[in-house]
Engineer: 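One structure coming up, written as structure tokens, with questions to follow.
We use all heavy atoms of the structure for the numbers below, so side chains are in, but hydrogens, waters and symmetry mates are not. Small disclaimer: the values here were computed from a predicted structure and weren't measured.
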Amino acid sequence: MRRHGTRIGLGFLLASVALFGIAEATASASEPSGSHRSAAAAESAPNLARMDQVIRSFVSKKQFMGTVLVARGDHVLLSKGYGFANLEWGIPNSPDTKFRLGSITKQFTAASILLLQERGKLSVHDLLRKYVPDAPPAWDKITLFNLLTHTSGIPNFTALPDYRSFSLLPQTPAQLLARFRDKPLDFEPGTRWSYSNSGYAVLGYVIEKVSAESYAQFVQKNIFDRLGMRDSGYDSNSKIIERRASGYVLSSSGLLNASYVDMTVPFAAGGLYSTTLDLWRWERALFGGRLLSPASLEQMITPFKHDYAFGLEVHTMNGVEVIEHSGGINGFNTALAYYPQIKLAVVVLGNVNGTAPDQIAEYLGALAQGQPVELPSERRTVSVDARILAGYVGDYALNPKFLISITRDGDRLFEQATGQPKLEIFPSSEKEFFLKVVDAQITFVTSGAGTRATALILHQGGIDQRAERVEGAAAALAPRERKEVHVEPQILARYVGTYQLVPGFSIAITREGDHLYEQATNQPKFEIYPSSDRDFFLRVVDAQITFVAGDKGAATELILHQGGVDHPAKRLE
């Protein structure tokens, strides 16, 4: 149920590397009745081959399988399936394959709240206590608006230490709220922004209280049935749902079926399923005024903090406004974007956990607007004089606690962000560089005719972030020196296995002789070094791992220590 851009564990600032081992299959496009391309839509035909080529670049690198749709106005430009809905049976994905949506669910929850407001049943400015009278005193100042905009301060239940255990069991909405209602708030309501699935679980609880219907019933009747979304609904572990995709995760031994989650747990924060075609219908109805009043829609898409509105992110990408949200849940990652100025919808639904759907959606949005897209594998390097490279060496602050350090080795330049691995950057011109492991670029800014950079600009995800040069700051952020000890190989062997941090994100531990390695989902493999029989550290990142042994000596759990937070991860069998 993670939102777009959220990272956990050992990820890079500049994004994660996705390295999947999956097979490919494709399904032909399928358009609903009456949606054949008109002359206006056909003007984009030259881009369609490039769109397919971009998607297949992720498929060929084993980074994506799922379905994709691009539409402008009432016309579908591209609608295809890639890879398999079920690997065990070899069933290909197609435009009518159903996927778990994860946090794309949140916009349907927000719309439900606004429908109830239009009917006079509630106000988004009401205090939460009005609908949860037995709420703890800490919740006294929380409004429905705070819940909708992730400014309530209620801690995120999917980050709780016991989440993995209770996510396996059915939960009523009241039982789910009981998991976090007595936890201290992370901050005073309304003062900060922090993504919280808990807030949307509470909103689902409110919807049920006010409507006297289950959340699933309310959304089905008031949104899906009303808009003709016949392939959408609330997911169920027991119900037979035709054409539902299976979800997958990567382990040290290859692809595995995703771990189980009882679908009562994601609830109003991430419990829905849909298809690309149905989500296109949703975008047309929502932004076409067929569901909400103009005033309600304006409320829904007006950001409060952190570019977040009601279940939607609203920002500018490549100079054009985009309203979007992504999702992630066991075995699935999704992306849904709408460009209101040009009525462009991009839907990418994937059934292997990873960042590919977000990246594909960004590329397709650019191509649909006639903008060029250059994949990392297509970029060409040029030669830059070592004296010019020397002027770029130094530390640049994206924020007071986060640096990008630039170093040089001969005629090669490297970047290393705080707490992350060192990566080579490659010149495409004297001042512009790119990374090959992630889709990101760096431009160095110099003053006057000088070659010494005063700042750099990080380009990623359609957003430019400026980092000013700082002096003497790197040492304060450097990880402390740790001493390595010897551990017998038979002890190391007890730790080998795959450990799940959160659904869809695991750490695989492997051994080569007397060396131990970790590899997080979609990320490079790094050696970990023992500081005791159970405690290990990384040298490329300021992070440590502690193994917890069971009665038979083999590890049953590991704990990732990073950024002052301990993340327990249970071993998968």
Engineer: Determine whether Leu292 and Leu286 make a side-chain contact, defined as any pair of heavy atoms from C-beta on separated by less than 4.5 Å.
Structural biologist: yes
Engineer: Measure across Ser152 and Pro189 and return the closest heavy-atom pair with its distance rounded to 0.1 Å.
Structural biologist: O-CG, 3.6 Å
Engineer: List for me each residue that meets ring-ring contact (aromatic ring centres under 6.0 Å, His included) alongside Phe218, sequence neighbours excluded, and say none if there are none.
Structural biologist: none
Engineer: Under the side chain to side chain contact (heavy atoms under 4.5 Å, CB included) rule, collect the residues that match up with Lys221, sequence neighbours excluded.
Structural biologist: Glu213
Engineer: Look at the side chain of Tyr82 and the backbone N and O of Thr67, then say whether any donor-acceptor pair between them is shorter than 3.5 Å.
Structural biologist: no
Engineer: Please assess Asp186 against Arg192 for the test salt bridge (Lys or Arg N to Asp or Glu O under 4.0 Å), listing each intermediate value before the final yes or no.
Structural biologist: CA-CA 9 Å; Asp186 291 338; Arg192 288 172 48 197; over 6 Å; no
Engineer: Which residues pass the side chain to side chain contact (heavy atoms under 4.5 Å, CB included) test with Ser194, not counting sequence neighbours?
Structural biologist: Phe187
Engineer: Donor-acceptor check, side chain of Asp235 to backbone of Met263, threshold 3.5 angstrom: yes or no?
Structural biologist: no
Engineer: Side chain of Tyr205, backbone of Leu176: donor and acceptor closer than 3.5 Å?
Structural biologist: no
Engineer: Check for me whether the distance between the ring centres of Trp89 and Phe84 falls short of 6.0 Å.
Structural biologist: no
Engineer: Which heavy atom of Thr334 sits nearest to which heavy atom of Leu101, and what is that distance?
Structural biologist: OG1-O, 2.9 Å
Engineer: What distance separates Lys98 NZ from Asn93 CG, expressed to the nearest 0.5 Å?
Structural biologist: 13.5 Å
Engineer: Among all residues two or more places apart in sequence or in another chain, which pass the side chain to side chain contact (heavy atoms under 4.5 Å, CB included) test with Lys305?
Structural biologist: Thr151, Trp193
Engineer: Supply the atom-to-atom distance Ser326 OG to Ile104 CD1, rounded to the nearest 0.5 angstrom.
Structural biologist: 6.5 Å
Engineer: Does the Asp231 side chain pair with the main chain of Ser274, one donor and one acceptor, at a distance under 3.5 Å?
Structural biologist: no
Engineer: Partners of Tyr273 by side-chain hydrogen bond (donor to acceptor under 3.5 Å, both in side chains), sequence neighbours excluded?
Structural biologist: none
Engineer: Using the test side chain to side chain contact (heavy atoms under 4.5 Å, CB included), find all partners of Ala138 that sit at least two apart in sequence or belong to another chain.
Structural biologist: Leu185
Engineer: Side chains of Arg226 and Leu115, heavy atoms from C-beta outward: is any pair under 4.5 Å?
Structural biologist: yes
Engineer: Report the C-alpha separation of Ile223 and Ser232 in whole Å, then their side-chain angles, then the decisive distance to 0.1 Å, and conclude whether the side-chain contact (heavy atoms from CB on, under 4.5 Å) test is met.
Structural biologist: CA-CA 10 Å; Ile223 297 179; Ser232 302; over 6 Å; no
Engineer: Is it true that a side-chain atom of Ser198 and a backbone atom of Pro155 form a donor plus acceptor pair closer than 3.5 Å?
Structural biologist: yes
Engineer: May I ask you to test the Tyr260-Asn330 pair for a side-chain heavy-atom distance under 4.5 Å?
Structural biologist: no
Engineer: Is the closest side-chain donor-acceptor distance between Asp262 and Gln171 under 3.5 Å?
Structural biologist: no
Engineer: Is a side-chain donor or acceptor of Ser167 paired with a backbone partner of Tyr163 at a separation under 3.5 angstrom?
Structural biologist: yes
Engineer: Closest heavy-atom contact between Thr149 and Ala309?
Structural biologist: CG2-O, 3.5 Å
Engineer: Are Phe157 and Leu177 side-chain neighbours, meaning at least one heavy-atom pair lies under 4.5 Å?
Structural biologist: no
Engineer: Kindly compute the distance separating CG (Leu114) from OG (Ser123), expressed to the nearest 0.5 Å.
Structural biologist: 10.0 Å
Engineer: Evaluate the side-chain proximity of Arg100 to Thr105: yes if any heavy-atom separation is below 4.5 Å, no if none is.
Structural biologist: no
Engineer: Can you check whether Thr264 reaches Thr172 side chain to side chain, under 4.5 Å on heavy atoms?
Structural biologist: no
Engineer: Hey, does the side chain of Tyr215 reach the backbone of Tyr234 with a donor-acceptor pair shorter than 3.5 angstrom?
Structural biologist: no
Engineer: Do Thr109 and Lys106 get their side chains close enough for a donor-acceptor pair, meaning under 3.5 Å?
Structural biologist: no
Engineer: Is it true that Asp74 and Lys343 make a salt bridge, defined as a side-chain N closer than 4.0 Å to a carboxylate O?
Structural biologist: no
Engineer: Using 0.5 Å steps for rounding, measure from the NE2 atom of His315 to the OH atom of Tyr308.
Structural biologist: 11.5 Å
Engineer: Could you tell me which non-hydrogen atom of Leu367 sits nearest to which non-hydrogen atom of Val54, and how far apart they are?
Structural biologist: CD1-CG2, 3.9 Å
Engineer: Counting distance only, does the side-chain N/O of Asn353 pair as donor-acceptor with the main-chain N or O of Gly331 below 3.5 Å?
Structural biologist: yes
Engineer: Backbone N or O of Phe332 within a donor-acceptor pair of the Asn351 side chain at under 3.5 Å?
Structural biologist: no
Engineer: Run the ring-ring contact (aromatic ring centres under 6.0 Å, His included) test on Phe108 and Trp282 for me, step by step, so that the C-alpha distance in whole Å, both residues' side-chain angles and the decisive distance to 0.1 Å come before the verdict.
Structural biologist: CA-CA 9 Å; Phe108 294 95; Trp282 160 250; 4.2 Å; yes
Engineer: Say you draw a straight line from CG of Leu312 to CG of Asp307; how long is it, rounded to the nearest 0.5 Å?
Structural biologist: 12.0 Å
Engineer: Could you verify whether a donor N or O on one side chain and an acceptor N or O on the other, from Gln53 and Arg50, lie under 3.5 Å apart?
Structural biologist: yes
Engineer: So if I apply the side chain to side chain contact (heavy atoms under 4.5 Å, CB included) rule between Leu279 and each of Leu349, Val346, Val348, Leu69, which one comes out positive?
Structural biologist: Leu349
Engineer: Below 4.5 Å, heavy atoms only, C-beta onward: do Val261 and Leu168 meet side chain to side chain?
Structural biologist: no
Engineer: Indicate the atoms forming the closest heavy-atom contact of Gly204 with Ala268, along with that distance.
Structural biologist: CA-CB, 3.6 Å
Engineer: Taking atom types as modelled, is there a side-chain donor on Glu118 or Ser293 under 3.5 Å from an acceptor on the other?
Structural biologist: yes
Engineer: Tell me whether Arg181 contacts the main-chain N or O of Asp134 through its side chain, where contact means a donor paired with an acceptor under 3.5 Å.
Structural biologist: yes
Engineer: Would you please test Gln117 and Gln299 for side-chain hydrogen bond (donor to acceptor under 3.5 Å, both in side chains) and show each step?
Structural biologist: CA-CA 11 Å; Gln117 178 176 255; Gln299 271 192 307; 2.8 Å; yes
Engineer: Do Tyr363 and Asp358 have side-chain atoms, one donor and one acceptor, less than 3.5 Å apart?
Structural biologist: no
Engineer: Mind telling me whether Tyr195 and His150 have parallel, tilted or perpendicular rings, with 30° and 60° as the class edges?
Structural biologist: tilted
Engineer: Looking only at the aromatic ring of each residue, does the gap between the centers of Phe145 and Phe310 stay below 6.0 angstrom?
Structural biologist: yes
Engineer: Within the 4.5 Å heavy-atom criterion, are Asp464 and Leu458 side-chain neighbours or not?
Structural biologist: no
Engineer: Taking the six-membered ring of Trp280 (Phe, Tyr or Trp), confirm whether the NZ or CZ of Arg284 is under 6.0 Å from its centre and within 45° of its axis.
Structural biologist: yes
Engineer: Applying the salt bridge (Lys or Arg N to Asp or Glu O under 4.0 Å) test to Asp96, which of Arg230, Arg244, Lys80, Arg243 qualifies?
Structural biologist: Arg243
Engineer: Within this structure, what is the CG-CG distance for the pair Asn257 and Asn86, rounded to the nearest 0.5 Å?
Structural biologist: 8.0 Å
Engineer: What are the two closest non-hydrogen atoms of Thr143 and His125, and how far apart are they?
Structural biologist: CG2-O, 3.9 Å
